[in-house]
2 protein chains.
Amino acid sequence: MAKFSKSDNCKNCLDCNMRIPMLSTLSRPELIELNENRFEVKFKAGETIFKQGTSATHLLILTTGLAKLYVEGVQDKQLIIRIIKPWEIIGQASLYFDNRHHYSIAALDNTTACFIEISAFKKAIQTNPLFAEEFIKNCTQKGIFSFEKMVSLSQKQMHGRIADGLIYLSGKVYEDLNFDLHLSRQDVADLTGMSKDSAIRILKEFHNEGIIELDGRKLKILNYGQLERISETG
Amino acid sequence: MAKFSKSDNCKNCLDCNMRIPMLSTLSRPELIELNENRFEVKFKAGETIFKQGTSATHLLILTTGLAKLYVEGVQDKQLIIRIIKPWEIIGQASLYFDNRHHYSIAALDNTTACFIEISAFKKAIQTNPLFAEEFIKNCTQKGIFSFEKMVSLSQKQMHGRIADGLIYLSGKVYEDLNFDLHLSRQDVADLTGMSKDSAIRILKEFHNEGIIELDGRKLKILNYGQLERISETG
DNA sequence: AATACAAATCGATATTTATCAGTCTTTTAC
DNA sequence: GTAAAAGACTGATAAATATCGATTTGTATT
C-alpha cells in the first residue's frame with residue numbers, strides 16, 4: 001500500500017520553497033541537498049504515519065490530506081494535540097532531544113507524506129542562520145499554542161472545551177465556517193479531553209441550541225460569536 | 001525595593017558560561033556584548049517579575065531564588081507551567097512571535113533576576129550557529145515537557161496529578177526527597193489543575209497513607225515508588 | 001502578649017463528568 | 001443484497017470534583 005516515489009504533487013523541494021515559509025530561506029544548493037535526502041509515501045485514512053516511541057530519522061511534511069498529531073496517554077487514551085495540514089513541518093520536537101518520536105501521527109484521510117532526512121535538515125540549521133531563525137520562530141509559536149491548550153484542557157469545562165475545539169477546527173484547520181469533518185466523535189473527544197459520550201452530548205446540545213448545524217460529519221457553525229462567548233466563560 | 005546593579009552573585013556574563021550550558025557556546029566577545037546589555041533586579045517573595053500581556057524586551061535568568069511561571073487562565077485562575085530555578089533562560093517564547101509575554105513570572109522567594117536585552121540575544125543566534133542549535137534544543141525539550149503536562153492535566157484524575165506534581169517538585173526542582181516547599185496550597189492546586197480544597201484533601205490523604213510526610217511546608221516523600229504507581233494508573 | 005489577618009483545613013453539599021447498557025444508524029465485507 | 005461490524009446516540013446512574021461555610025492554625029503587627 002505504501003508507494004515509494006516522488007509524485008507529481010511534490011516533484012522537487014525546489015518547488016516547496018514557494019509553499020513552505022521556512023524553506024524559502026534556503027539557497028538553491030541547500031534545497032537540492034534536501035531534495036536528495038527525501039522520499040514520499042502514500043497513506044490511507046486511518047493508517048499510522050509514525051508512532052510514538054519509535055526512533056525519529058526523518059521529518060515529515062504532508063503534501064496532500066490531513067492527519068492527527070496525538071500523544072498516547074494513560075490507559076490507551078489519546079490526546080490530540082493538533083491537526084496536521086499540508087506544508088507544515090512535523091517532527092522538530094525530536095530533532096535534538098533523544099531521537100525518539102514523542103507523539104504519533106495518523107492519517108485522517110488519504111494522504112501523501114514527504115519524509116526528509118533529519119541530518120540534511122540539521123545541516124541546514126547549522127549553516128544557514130536565517131533558516132535556524134525561522135525554525136526557532138516555529139518552535140516558539142507552538143509553545144504559545146501549548147499554553148492556550150493547557151488552559152483550555154485544565155480550566156474550562158466541557159462546553160468551553162468543545163467551543164475551543166470548534167473554533168480551532170474552523171479557524172485553523174478548515175478556514176471556513178462550513179466544513180466536512182474528518183474527525184470521528186471519538187477524535188473530537190480526544191481533542192477536547194473528555195469522554196466520547198460527553199462530546200456527543202455537547203455537540204448535540206450546540207446543534208439543538210442553533211449554535212451549529214451538525215449532520216453526521218457535515219458541520220456548519222451558525223453562531224460563531226456565541227462559540228467565542230462560551231469559550232471565554234469556560 | 002528594586003535595586004539596579006550587577007551584584008557579587010553575578011558580576012559578569014563571562015562567568016555565566018560555566019553555569020549555563022547554552023552560553024558556553026558563545027565566544028568571549030559575544031559574552032562581553034551580552035554583559036553590556038543586561039542588568040539585575042532584586043525581587044521579594046510574591047512580587048511579579050513580569051506580567052503576561054506586557055511587552056517583552058528582555059530575557060530573564062534568575063541568579064538566586066525560585067519563581068513560578070504561570071499563565072492567567074479563565075476567571076483569574078492561574079495555571080503554573082513550571083517552577084523556575086537559577087540559571088535557566090526564560091522568555092524565549094516571545095522572542096520571535098509578537099514581543100509580548102505570554103505568561104507571568106512571580107518570585108516565590110527573595111530572588112535576584114538578570115535581564116538580558118532581547119536584541120543582543122537575537123544577534124548571537126544569527127551569528128553563532130552552535131548557540132542557535134542550543135537554543136533549539138532548549139525549545140524542543142520544553143515542547144516535550146508540555147505534552148507530558150497536557151496528558152497529566154487532561155487524562156489523570158486528582159491523585160495522579162498530585163503525584164505528578166510531587167514527582168516534578170522532588171525530581172526537577174528540589175532534587176531531593178525532602179524539601180521545604182516554596183509553594184502555597186493554592187500554588188500546588190494551580191500546578192496540578194484543581195481547586196485548592198481538593199489539593200489539600202489529596203495531600204492529606206497521601207500523608208495519612210504514609211506516602212508522604214507533610215507538616216506545613218515541610219515535605220518528605222516516604223514512598224516514591226508508590227507515587228510513581230499512582231502517577232501511572234492516573 | 002494581644003490582635004488582626006491570611007492561609008490551611010474539613011465536612012456537607014452541589015455540580016460536573018464518566019460510565020454503562022441498550023438502541024439506532026451507517027458503513028463495510030462477503 | 002444481506003449480514004456483520006463499527007460508529008453514533010441516549011437515558012439512567014455512579015464517580016469525581018468543586019463549592020461553600022465554618023473552624024482552626026499560623027504569622028505578622030502593634
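Here is how names work: the chains are called A, B, and so on, in the same order as the sequence lines, proteins then strands, and each is numbered from 1.
In this structure, A/D190 contributes its side chain and A/D187 its backbone to no donor-acceptor pair below 3.5 Å. Judged by distance alone, with hydrogens and angles left aside, the side-chain atoms of B/S231 form no donor-acceptor pair with the main-chain N or O of B/L227 at under 3.5 Å.
For B/H58 and B/F50, the distance between ring centers is not under 6.0 angstrom.
Interatomic distance, B/S152 OG to A/M150 CE, rounded to the nearest 0.5 Å: 10.5 Å. Distance check: B/E47 CD to B/N110 CG gives 8.5 Å after rounding to the nearest 0.5 Å. For the atom pair B/Y168 OH and B/E148 CD, the distance stands at 11.5 Å (nearest 0.5 Å). We find the CD-OG distance between A/Q78 and A/S104 to be 7.5 Å, quoted to the nearest 0.5 Å.
Protein chain B contacts DNA chain C over a range whose 5' and 3' limits, counting nucleotides with an atom under 4.0 angstrom from a non-hydrogen atom, are C/dA8 to C/dA12. Close approach of DNA chain D to chain B, defined as any atom under 4.0 Å from a non-hydrogen atom of the protein, starts and stops at D/dA16 to D/dG21.
When only modelled atom types and interatomic distance are considered, B/K204 and B/N208 share no side-chain donor-acceptor pair under 3.5 Å. No side-chain donor-acceptor contact under 3.5 Å links B/E40 and B/T112.
Between A/E175 and A/K85, at least one side-chain N (NZ, or NE/NH1/NH2) sits under 4.0 Å from a carboxylate O, which counts as a salt bridge.
Non-hydrogen atoms lying under 4.0 Å from DNA chain C are contributed by B/S184, B/R185, all within residues 184-194 of chain B.
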